[in-house]
Number of protein chains: 2
Amino acid sequence: MTQEEKQTEQIIMDAARKVFQQSGLGGARMQQIADEAGINKALLHYYFRNKKKLFEAVFKEDFNRYMIPLSGILLRETGLTVEERIVTFVQSFIRTLNQHPHLPLFVMHEIASNPNRMLGLVKGGDVFSQVGETGKPEDSESKVFVWQIQEGIDEGRYHSVNPEQFVISIIGMCVYPFVARPIIKFWLKKEDDQFKDFMEDRQREVIDYAFRILIKDYQPYADNHR
Amino acid sequence: MTQEEKQTEQIIMDAARKVFQQSGLGGARMQQIADEAGINKALLHYYFRNKKKLFEAVFKEDFNRYMIPLSGILLRETGLTVEERIVTFVQSFIRTLNQHPHLPLFVMHEIASNPNRMLGLVKGGDVFSQVGETGKPEDSESKVFVWQIQEGIDEGRYHSVNPEQFVISIIGMCVYPFVARPIIKFWLKKEDDQFKDFMEDRQREVIDYAFRILIKDYQPYADNHR
DNA sequence: AAAAGGTTTAACCATTAGGTTAAGCCATGA
DNA sequence: TCATGGCTTAACCTAATGGTTAAACCTTTT
């Protein structure tokens, strides 16, 4: 594959991403994607045989490049304390999504409209590395974080939260504003750049919230924050 | 309008809702809606002149019947304390969405794909009752809650959160699990009814989190919970 | 029994969308 | 200079889709 081909492929995928994110798989029009990419329909089909293939390429790239690594920080990465996980996750998550604000809604919507096919596309289906030695969920790598929290609770350092609920809450606090972005922009009368700033501020705020929920003797503005 | 007409209209709207929620406006097929409703295309167009009109009817009903009243509990209802707002909001919100799990993603996706038109549809556009006497956002009814929190902070009862961030966090903790429902079901290996139970439990958990974030001397399992 | 109104049937139309084809353009590099 | 390969143009095909129409059917009401 030549350099030009790679370039064009990327141009097409970027255009396709934009259109798919706005209209979904069903609503997107190949012509619109071609226009957006500044090329013609013929070339579109020359690179990606058909709409479905193009869509899957885009979806896969998005999911594997962003969703998987990000959730990995919270759930899979080894050698991190709970506190480190939270801080790193929230920061990278919000920072990343600030650059790709439409990602979550796009991914969620398409998964919802066809869970099996979409989740099957992703890295052999092991989104959360569910497969343990015995096949039981307890073996899952994705439960490291859950274990660590349970440990902290048992040792009396943490409040007795339900670890799964806690994880979902953290992710929710980070993701939701992007999902509801148009409403929030409307409600708070914010433009794109103001929304961005708002989300930058949110990093510290969410970390604070998470710590306050979890940690028994938490005092904000300690050097937990950098 | 006769009784039969109302019935049929409702049957159609329920079918349409189902299809729209799964495929979005662009992806939905009129034939599929007719099939789902157990009627024919001709009758579909007899009741709702065209696809757009049908869609708007469904969207409007959803938004006005669920989203507006629910957000009202948190943001507009008068005569409630902050604590009462949070408890009532979280409970009704999760309970309602447990009965309509696809609502949030549907609403959010459609708003995102056409913010102006969609937000314009809703109760004359005043989703958050933004119009105050001077037109400044500060006059908005939707800021009552924000004021109340600010008051609590000033009086030293609450931690000094950013009220807007706090509101979004509460909503996010409630909404996100429904937005990410297929992923969560997959991750936690839950079926529909287990997910429902999980969300029932979540009510108390989220209320706990919210109070712990906000209230300085909060002790869980006090009679804040009923 | 006749009128009325909700509903079906089925044919039909116009448009659009996905996808194909083939001829030709144009820059690079052997 | 000519061949290669990325790319464009534009016509074309087919299937699907939104939407329409008119006649007939059936049940309830008068």
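The structure displayed is predicted, hence computed values, not measured ones. Convention: sequence-line order gives letters A, B, ...; per-chain numbering from 1.
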> Once you round it to whole Å, what is the distance between P of D/dC7 and CD1 of A/Ile11?
Replying inline: 8 Å
> To the nearest Å, how far apart are B/Arg49 CZ and D/dT21 P?
Replying inline: 11 Å
> If you measure from the Lys or Arg side-chain nitrogens to the Asp or Glu carboxylate oxygens, is any gap between B/Arg65 and B/Glu61 under 4.0 Å?
Replying inline: yes
> Quick one: is A/Thr8 getting a side-chain N or O under 4.0 Å of the D/dC7 phosphate, OP1 or OP2?
Replying inline: yes
> Rounded to whole angstrom units, what separation is found between the CG atom of B/Asn40 and the C1' atom of C/dC12?
Replying inline: 16 Å
> With a cut-off of 6.0 Å (strictly less than), are more than 12 heavy atoms of other residues, nucleotides or ligands near NZ of B/Lys18?
Replying inline: no
> Just how far, in rounded Å, is P of C/dT8 from CD1 of B/Ile12?
Replying inline: 9 Å
> With distance as the sole criterion, do the side chain of A/Lys51 and the base of C/dG19 form a donor-acceptor contact below 3.5 Å?
Replying inline: no
>> Please check if the number of heavy atoms outside A/Arg49 that lie under 6.0 Å from its CZ is greater than 12.
In response: no
> Are any of A/Tyr46's side-chain N or O atoms less than 4.0 Å away from OP1 or OP2 of D/dC7?
Replying inline: no
>> What verdict does the side chain to side chain donor-acceptor pair (under 3.5 Å) test give for A/Ser169 and B/Arg202, after you've listed the backbone C-alpha separation in whole Å, the side-chain angles of each residue and the deciding distance to 0.1 Å?
In response: CA-CA 10 Å; A/Ser169 300; B/Arg202 188 165 175 79; 3.0 Å; yes
> Among D/dA10, D/dG18, D/dG6, which is the nearest nucleotide to the side chain of A/Ala42?
Replying inline: D/dA10
> Can you check the B/His45 NE2 to C/dT9 P distance for me, whole Å?
Replying inline: 17 Å
>> Using a heavy-atom cut-off of 4.0 Å across all strands, would you classify B/Ala28 as base, sugar-phosphate, or nothing?
In response: sugar-phosphate
> Taking atom P of C/dG5 as reference, at what distance in whole Å does atom OH of B/Tyr47 sit?
Replying inline: 13 Å
> Rounded to whole angstrom units, what separation is found between the CD atom of B/Gln7 and the P atom of D/dT27?
Replying inline: 16 Å
>> I want to verify a distance call: between C/dA10, D/dG18, D/dC7, whose nearest atom is closest to the B/Met30 side chain?
In response: D/dG18
>> Is the positively charged end of A/Arg181 above the ring of A/Phe195, judged by distance under 6.0 angstrom from the centroid and angle within 45° of the axis?
In response: yes
> Atom CD1 of B/Ile33 and atom P of D/dG18: how far apart are they, to the nearest Å?
Replying inline: 8 Å
